[in-house]
There are 2 protein chains.
Amino acid sequence: MTARVLEHPPAEEIRLEEVLHALADPARLEIVRFLAVSGAEVPCSAIDLAVSKSTTTHHYRVLREAGVITQVYRGTSKMNGLRRADLDRLFPGLLDSVVSAVEGQRADTAPATPPTP
Amino acid sequence: MTARVLEHPPAEEIRLEEVLHALADPARLEIVRFLAVSGAEVPCSAIDLAVSKSTTTHHYRVLREAGVITQVYRGTSKMNGLRRADLDRLFPGLLDSVVSAVEGQRADTAPATPPTP
DNA sequence: ATCTTAGTCCGACAGACGTCGGACTACCGA
DNA sequence: TCGGTAGTCCGACGTCTGTCGGACTAAGAT
């Protein structure tokens with residue numbers, strides 16, 4: 001029963017187009033950014049995405065199936081981690097440039113002026 | 001009447017998600033790869049895409065509207081060039097890592113069996 | 001046992017996407 | 001002037017995507 005174990009594509013099957021497609025969405029980019037800067041495994045609920053729970057599940061699955069993240073069940077939650085080693089080997093520099101790009105763009109979008117109530 | 005001049009987004013309006021989305025397609029990735037390795041401006045017809053003319057037009061437009069390429073009319077053809085300076089400034093390393101990734105993947109995918117018409 | 005927490009699965013839906021053929025336009029060259 | 005060449009525009013099509021609510025399930029906490 002229970003799909004208690006999630007399927008992950010082996011490294012050799014990770015395709016660049018799919019990775020790029022997986023990254024080409026604000027919610028998923030935020031997940032990847034968060035995982036990259038935190039450098040840790042975190043449960044889905046740790047990242048605030050401003051979409052419903054079902055949509056959140058969907059985005060994590062897209063990332064996992066593209067080979068960008070790993071997901072393992074741990075107790076009542078599911079821990080998500082970046083497949084940094086695989087990605088760095090397959091596409092050297094890609095992850096870092098994307099993450100720093102999104103960090104930079106974030107600085108433009110969510111900048112200086114904090115909430116102005 | 002002629003839209004003899006094409007609209008390009010100014011550099012400040014280039015969004016990472018859109019660039020990634022533009023790159024997340026085999027045909028468009030091939031265009032970008034070609035432009036990057038050739039380092040030159042080439043007409044649409046210089047790159048063989050295995051899709052129809054209308055589809056080709058569509059892909060070039062997606063790239064231009066995302067800010068990835070420039071397009072200018074020159075005589076009877078339209079020259080396409082990478083916006084490398086803008087991209088390198090906005091997203092340092094991104095273009096290079098994507099291009100070398102696709103080159104690497106190409107080595108796996110394209111070999112042995114050449115076109116069999 | 002029961003409740004809570006965390007996430008899944010199942011339609012559903014609107015909009016975007018990649019694709020095409022075919023008619024069209026702009027420019028060059030003979 | 002008349003082709004030919006290069007690319008555009010216009011529906012149209014099937015598919016994929018992001019989104020949701022709601023019912024569901026697994027594992028801990030009480």
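Note that the structure is a prediction, hence the values are computed from the model and not measured.
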From CG of B/D25 across to P of D/dC16 the rounded distance in Å is 14 Å
In whole angstroms, the gap separating C1' of D/dG22 from NE2 of A/H58 amounts to 18 Å
Checklist entry - Would you say the side chain of B/N80 lies within less than 4.5 Å of the side chain of B/I47, judging by non-hydrogen atoms? => result no
Paired with A/Q71, the side-chain hydrogen bond (donor to acceptor under 3.5 Å, both in side chains) test is passed by just one of A/E41, A/R64, A/R61, A/H8, namely A/R64
Here the distance between atom P of D/dA6 and atom CG of B/D48, to the nearest Å, is 13 Å
Could you check whether A/R74 gets within reach of a base, just the sugar-phosphate, or nothing at all, counting any heavy atom under 4.0 Å?
nothing
All heavy atoms of B/G67 vs all of B/L87, minimum pair found to be O-CD2, 4.0 Å
From NZ of B/K53 across to P of D/dA6 the rounded distance in Å is 9 Å
Taken to the nearest whole Å, CD1/B/I31 to P/C/dG18 is 11 Å
Under the 3.5 Å rule, do the base of D/dG21 and the side chain of A/S52 count as making a donor-acceptor pair? no
Quick note, A/S54 side chain, CB onward, closest among C/dA6, C/dG21, C/dC9 is C/dC9
*With a 4.0 Å cut-off on heavy atoms, is A/H59 in touch with a base, just the backbone sugar-phosphate, or nothing at all?*
sugar-phosphate
Rounded to whole Å, the CG-P distance (B/L20 to C/dC17) equals 14 Å
Separation of D/dA6 atom C1' from B/L6 atom CG, nearest Å, is 13 Å
Side-chain-base donor-acceptor pair under 3.5 Å for B/T55 and C/dG18: no
Rounded to whole Å, the CD-C1' distance (B/Q71 to D/dA6) equals 13 Å
Comparing nearest nucleotides in DNA chain C, the 5'-proximal residue of the pair A/P43, B/R28 is A/P43
* Asked: Between A/F34 and A/V32, is there a shared hydrophobic cluster once you connect ILVMFWY residues whose side-chain heavy atoms come closer than 4.5 Å?
  -> yes
Per atom distances to the B/V51 side chain, the nearest of C/dG7, C/dC20, C/dT5 is C/dC20
- So what does B/S77 touch, heavy atoms closer than 4.0 Å: a base, only the sugar-phosphate, or nothing? sugar-phosphate
To the nearest 0.5 Å, atom CG of B/L63 lies from atom CG of B/L82 at 9.0 Å
